[in-house]
There are 2 protein chains.
Amino acid sequence: MSRSRSDLIAETLEDEILRGRFAPGTRLDETRLAEEHGVSRTPLREAFQKLAAAGLIEQQPRRGVFVREVGAVELLEMFEVMAETEASCGRLAALRISESALADLDAANARCREALEAGQSDAYYRENEVFHHLIYAQSGNRFLAAEAARLHRRLKPFRRTQLHLRGRMAQSMSEHLEIVEALRAGEADRCAALLRAHVAVQGEKFHHLMAGLRAAE
Amino acid sequence: MSRSRSDLIAETLEDEILRGRFAPGTRLDETRLAEEHGVSRTPLREAFQKLAAAGLIEQQPRRGVFVREVGAVELLEMFEVMAETEASCGRLAALRISESALADLDAANARCREALEAGQSDAYYRENEVFHHLIYAQSGNRFLAAEAARLHRRLKPFRRTQLHLRGRMAQSMSEHLEIVEALRAGEADRCAALLRAHVAVQGEKFHHLMAGLRAAE
DNA sequence: AGTCAAGCTTTCGTATACAAGACTTGAGTT
DNA sequence: AACTCAAGTCTTGTATACGAAAGCTTGACT
């Protein structure tokens, strides 16, 4: 399965939306973007269909397409689903994980610890991502892993800032160690519960942030 | 958010694919389908983009679009994710379900029992669906409920035949009762485990069917 | 008879043209 | 002065046209 032109445009736009080039609610101008990509409106509109299906934009007939605004409620819902999905990955991984994957997790955690001790939250963030993607893969379920990665990516813009919160990095680190312990022991339910809590915290932190913002208004 | 023309075409095609009008692997002829829907190729191709994003068709550049063939492995993976997703719905519903929703579930189960006693597997199938969708909704998480419904729909063609298997209807019925019990008691973990098992059975049954088919070759 | 190549046909991908709905702006009225 | 309505402009949605690539057919050569 090769990639077509509109696929590439869709990917680029998705990236730009997730990276914040287009603020939520912004109207995406077909003509302007077509020019920018050096194509006509046709392939651009095809890319729009893909983004709409992925839930990133909203098409209002005869009005145009707009970057979807995800409200606070929906965002919290997505964080909750992320927690449940990671829990599922953990549950299955606990039953299926290989020795070499356990070693990979240990290695990722070692790099996490280095970043933590050096106080480099960017590096921690990267290695944290590796850790989680390893667990997705070790669920032994490619479909599940893909869904997890998709949602992870979708939530990325909202997760990024959270490690800076006081003490989170250290706590996250120790949770990682517990999770690997549960995986190594093959304790599916415990691993699921640990991952659920580990991820759910992000939703809660986000909740706090939101509450803070609203109070400041 | 209103629906555009290509949305309607995409929905129709999705329905036709899931209903089996187009066998997996079939090539979808743009020109023919455009004629059939009384439009030009443009809106049809836009519909294709949506279906491709939903994973229902595969676009091979310069070759055409084909109804995706989901292999046995992927199908089992999807069943597994369905089980995990329903478990998540159950877990959250156990914490959040309302009295009136519990009554609705009782009512759905009563109708299931009627169908069971009358031996009407079609009616049972319908009421079973109502039961499960009620639980999706009672997760109190619209995003999760939508994901669950989406996957449920995707698996529909492969689930349909399974109630005919010997004794499955009666067993399914008694599992429903246990699930409601757990929901009423607010036992989140137990409810999740019950739903996981209840749904996972479908994947296993499917596995048996597949094994049978392969043996017959 | 089989194989390979060249031309032809078909179909895809994209640009462009056109029609119809929505927004804007300006004048007129209350 | 504010509101309404209408004409004009802009943008979207769809059809059509055109270039290019893949596959098929046919014919020649081994």
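In what follows, chains are A, B, ... by sequence order, proteins preceding strands, each numbered from 1.
- Shown here are the side chain to side chain contact (heavy atoms under 4.5 Å, CB included) partners of A:E69, two or more places apart in sequence or in another chain: A:P24.
- Of all nucleotides in DNA chain D, those with any atom nearer than 4.0 Å to a heavy atom of chain A start and finish, going 5' to 3', at D:dT11 to D:dT14.
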So which protein N/O to nucleotides 10-14 of chain C N/O distances come out below 3.5 Å?
unit_1	atom_1	unit_2	atom_2	d
C:dC12	OP1	B:R27	NH2	3.0
C:dC12	O3'	B:R62	N	3.4
C:dC12	O2	B:R62	NH1	2.9
C:dG13	OP1	B:R62	N	3.1
C:dG13	OP2	B:R45	NH1	2.8
C:dG13	OP2	B:R45	NH2	3.4
C:dG13	N7	B:R41	NH2	2.8
C:dG13	O6	B:R41	NH1	3.3
C:dT14	OP1	A:R5	NE	3.0

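- Considering only residues two or more places apart in sequence or on other chains, A:H133 meets the ring-ring contact (aromatic ring centres under 6.0 Å, His included) condition with A:Y136, A:H152.
- Residues passing the side chain to side chain contact (heavy atoms under 4.5 Å, CB included) test with A:L18 are A:E14, A:L56, A:R153, A:R154, A:P157, sequence neighbours excluded.
- In this structure, A:F22 has no ring-ring contact (aromatic ring centres under 6.0 Å, His included) partners at least two apart in sequence or on a different chain.
- The side chain to side chain contact (heavy atoms under 4.5 Å, CB included) check on B:A115 picks up B:A123, B:Y124, with sequence neighbours excluded.
- Remark: A:R32 pairs with no residue by the salt bridge (Lys or Arg N to Asp or Glu O under 4.0 Å) rule, at least two apart or across chains.
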Compile the donor-acceptor pairs under 3.5 Å between side chains in residues 143-151 of chain A and protein atoms, sequence neighbours left out, one pair per line.
unit_1	atom_1	unit_2	atom_2	d
A:E147	OE1	A:R150	NH2	3.3

